[in-house]
Engineer: 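Dropping a structure here in structure tokens format, bear with me for questions.
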Amino acid sequence: MSAFTLPEPSLDPLLNLISQYRADTRSNKIDLGVGVYRDDNGHTPVLAAVKTAEARLYESQDSKSYLGLTGDSDFVDVLGNLLFQSPTGRSVAGAQTPGGSGALRLAAELYKTAYPDNTLWVGLPTWPNHLPLVESVGIKTATYPYFSREKQALLFDSMLEHLSNASAGDAVLLHGCCHNPTGADLSSTQWSELATLLADKELIPIVDLAYHGLGDGLLQDLNGTRTVIQHCPQTLVATSCSKNFGLYRDRVGAVYMVADNKALAIRAQAYFGHVARRIYSMPPDHGAAVVKMILTDSNLRQEWQTELGTMVQRLNTLRKAIAAAGASIGLEFVSEQKGMFSLLPLSPEQVDSLIGDHAVYLAGDGRINIAGCQPPHLEHFIESLKSVDFHF
Ligand code: LMR
């Protein structure tokens, strides 16, 4: 009789931290691990705009029947308008997805179908799930340098040099804003230079917009994505409402293809549904219905934008506080970066000691979630860094 043989799966480096942290009984523990927003009490709240929309939905929703393979087209349009605002000369195809990961998966599947023999280029360092996610589709990958953790500086020239070796039809995965894990984004000039290279070399941009609105604002955070769309005939965009709407567990996202010809957009639209059917059939509806309600009601939309603004302001205040408290160990760079993360140049041994000896939980590569560093924890955090001889 044959038996299942299952090799030990590798633990997800980020999600594993959640259970490790929960199991830790030390009272001074600090959670700078997984990328969720936290308030001053270390809590990840449900936004008030979300609560109101949920209550209205409870009253008004009269059916739970299927919506379709690409979800609710009104949600897709409303979110698409927030992102693209009818780009001139472009047609937009889109599908609702289970979170930003679902969106990336559909983008990767679509790309693989069109360019089965090409390579997808991923900048390093990156979100640890990027490579496993796209490689699970069977895409060949290559990497380009993006950021030096040791210098806390973008490696823009090196990035362009590597990408100039890519072949026509290769794809390039980009972080639209609030780069995860470094918090270091390209400047407007750099986005333009990059977009020109992508267009000249006929490369396909795939933009991951998981942190839209957590950097310089809803409009400014789209600067890079829109520049790429203007330059390139086809752009794939994967977006998520996990962070900006705080809808993490409800799994709300969308994938878009912005194309220079309508026939291709129509085909891509059909293809998104075709791929979804083979994986999960249809995306979950609840969170997307909430987002649609917020974005189509001017009061709720205003309330959401105010709440998002408060989150961003708090992140920026925490960045400044970390930079000031850690000035003697060189942490000033933290205040220059954006979004939820910074990547500290720590060795694996230093990270182990921070977790094991000091109850400071952070990702293995040295990434910290700024939102987890509430003011009462700041001193313990900085003292712990000093204890492991961190100095930038
Ligand atoms: C993170 O980077 O911590 C978040 O995006 C959560 C995740 O799914 O990894």
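All values reported here derive from a predicted model rather than from experimental measurement. Counting starts at 1 for both ligands and their atoms, following the listed order.
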Engineer: Please verify the inter-ring angle class for Trp304 with Phe245; under 30° counts as parallel, over 60° as perpendicular, anything in between as tilted.
Structural biologist: parallel
Engineer: Please indicate whether Gln20 has more than 12 foreign heavy atoms, meaning atoms of other residues, nucleotides or ligands, lying under 6.0 Å from its CD.
Structural biologist: yes
Engineer: Residues around ligand 1, heavy atom under 4.0 Å from any ligand atom, sorted by chain and number. Can you pull those?
Structural biologist: Leu14, Val34, Gly35, Trp127, Asn180, Tyr211, Lys243, Arg367
Engineer: Given His179 and Tyr146, is the ring-ring contact (aromatic ring centres under 6.0 Å, His included) satisfied, shown in steps?
Structural biologist: CA-CA 10 Å; His179 186 272; Tyr146 177 78; 4.2 Å; yes
Engineer: Do Trp191 and Asn223 get their side chains close enough for a donor-acceptor pair, meaning under 3.5 Å?
Structural biologist: no
Engineer: More than 12 non-hydrogen atoms from neighbouring residues, nucleotides or ligands closer than 6.0 Å to CZ on Arg278, yes or no?
Structural biologist: yes
Engineer: For residues Tyr211 and Phe341, establish whether the separation of their ring centroids is below 6.0 Å.
Structural biologist: yes
